[in-house]
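Read the structure below first, then the notes.
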Amino acid sequence: MGKLMARGFLGLCGVMALGLFSLVWFDLPRFGAVLGPVAPSPLAAATLRADAGGFFATWAVGALFAAVQDDRRIALLPMLLLGFAFAGRFYTYLITGDPAIVQPMTVEAVLCGLIGIARLQLGARS
């Protein structure tokens, strides 16, 4: 039962990340309105789609592959991405002290922790 729930949770995380990827790629103004980054030029739009879209797509692939393959090693990929995102936000928080940064940091920390717990239920491929 625990393995099934872990795999389901990772699959849900993957689908959620695919949704965010789609938002970045196909509705960039809405992404900017929700999370802040705006693209005042085509180069800026391309950079956001490449960097933010790449982040969410890689997170999705890692979570979905970990769920489908039942492999705890693959689950490290979304955890690593969320850890780097958290570190970047924490650094920005230290510099600016802006309390708006705390909410996404909390989401990233909780997701990373939950993926870590789910990871314990997965198998290890050799």
Side-chain angles (χ1 to χ4, degrees):
M1 183 68 172
K3 182 180 288 230
L4 183 63
M5 288 179 60
R7 293 175 80 182
F9 174 72
L10 286 166
L12 182 64
C13 284
V15 169
M16 180 180 70
L18 276 177
L20 292 168
F21 163 78
S22 297
L23 185 63
V24 172
W25 265 46
F26 303 115
D27 198 355
L28 199 51
R30 185 168 156 213
F31 175 73
V34 172
L35 293 176
V38 294
S41 70
L43 177 60
T47 300
L48 278 174
R49 284 189 178 102
D51 295 349
F55 171 85
F56 290 122
T58 304
W59 175 17
V61 167
L64 290 170
F65 275 6
V68 169
Q69 296 292 319
D70 184 25
D71 190 338
R72 71 178 63 185
R73 293 174 303 163
I74 300 171
L76 288 173
L77 177 61
M79 290 177 70
L80 182 65
L81 288 167
L82 289 166
F84 280 132
F86 180 89
R89 290 190 202 276
F90 185 66
Y91 176 68
T92 304
Y93 180 75
L94 289 176
I95 293 170
T96 66
D98 185 350
I101 299 168
V102 174
Q103 182 190 12
M105 285 174 52
T106 304
V107 170
E108 288 155 356
V110 168
L111 276 174
C112 190
L114 290 174
I115 291 171
I117 292 168
R119 183 178 175 272
L120 297 174
Q121 299 298 316
L122 300 179
R125 298 250 178 203
S126 13

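Starting from 1, each residue takes its place in the sequence as its number. Side chains included, hydrogens not; waters and symmetry mates left out as well; all remaining heavy atoms used.
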Looking at every non-hydrogen atom in both residues, tell me the closest pair between F55 and A85 and how far apart they are.
CZ-CB, 4.0 Å
Applying side-chain hydrogen bond (donor to acceptor under 3.5 Å, both in side chains) as the test, list every pair that has at least one member in residues 32-60; sequence neighbours left out.
none
Cluster link V110 to F84, ILVMFWY, side chain under 4.5 Å
no
Could you grab the distance from atom CZ of R89 to atom OG1 of T106, nearest 0.5 Å is fine?
10.5 Å
Does atom CZ of F86 have more than 12 heavy-atom neighbours from other groups under 6.0 Å away?
yes
Taking it one step at a time, do Y93 and V102 satisfy side chain to side chain contact (heavy atoms under 4.5 Å, CB included)?
CA-CA 8 Å; Y93 180 75; V102 174; 3.8 Å; yes
Path from M105 to Y91 over hydrophobic side-chain contacts below 4.5 Å
no
Which atom names give the shortest non-hydrogen contact between F56 and F31, and what distance separates them?
CE1-CE1, 4.0 Å
Between M79 and R119 the two heavy atoms that sit nearest each other are SD-CD, 3.9 Å
Can you name the nearest heavy-atom pair linking L120 to R72, along with the distance?
O-NH2, 3.7 Å
At their closest point, which heavy atom of P40 faces which heavy atom of V38, and how far apart are they?
CD-O, 3.4 Å
Other residues, nucleotides and ligands only: do more than 12 of their heavy atoms fall within 6.0 Å of CZ on F9?
yes
ILVMFWY cluster, L81 and F65 together (side-chain gap under 4.5 Å):
no
Which atom pair, heavy atoms only, marks the closest approach of A39 to L28?
CB-CD2, 4.1 Å
Audit row: L111, M16, side chain to side chain contact (heavy atoms under 4.5 Å, CB included) steps and yes/no:
CA-CA 12 Å; L111 276 174; M16 180 180 70; 3.8 Å; yes
Can you tell me how far the CZ atom of R7 sits from the CG atom of D71, to the nearest 0.5 Å?
10.0 Å
Here the gap from I117 atom CD1 to C112 atom SG, rounded to the nearest 0.5 Å, amounts to 10.5 Å
Hey, what do you get for CG (L77) to CG (L82), rounding to the nearest 0.5 Å?
9.5 Å
With the 4.5 Å side-chain cut-off for hydrophobic clustering, are W25 and V34 part of the same group?
yes
Could you state whether F21 and L64 fall into the same hydrophobic cluster, counting links through intermediate Ile, Leu, Val, Met, Phe, Trp or Tyr residues with side-chain heavy atoms under 4.5 angstrom apart?
no
Applying side chain to side chain contact (heavy atoms under 4.5 Å, CB included), name anything that partners A66, two or more places apart in sequence or on another chain.
L10, I74, A75, L122
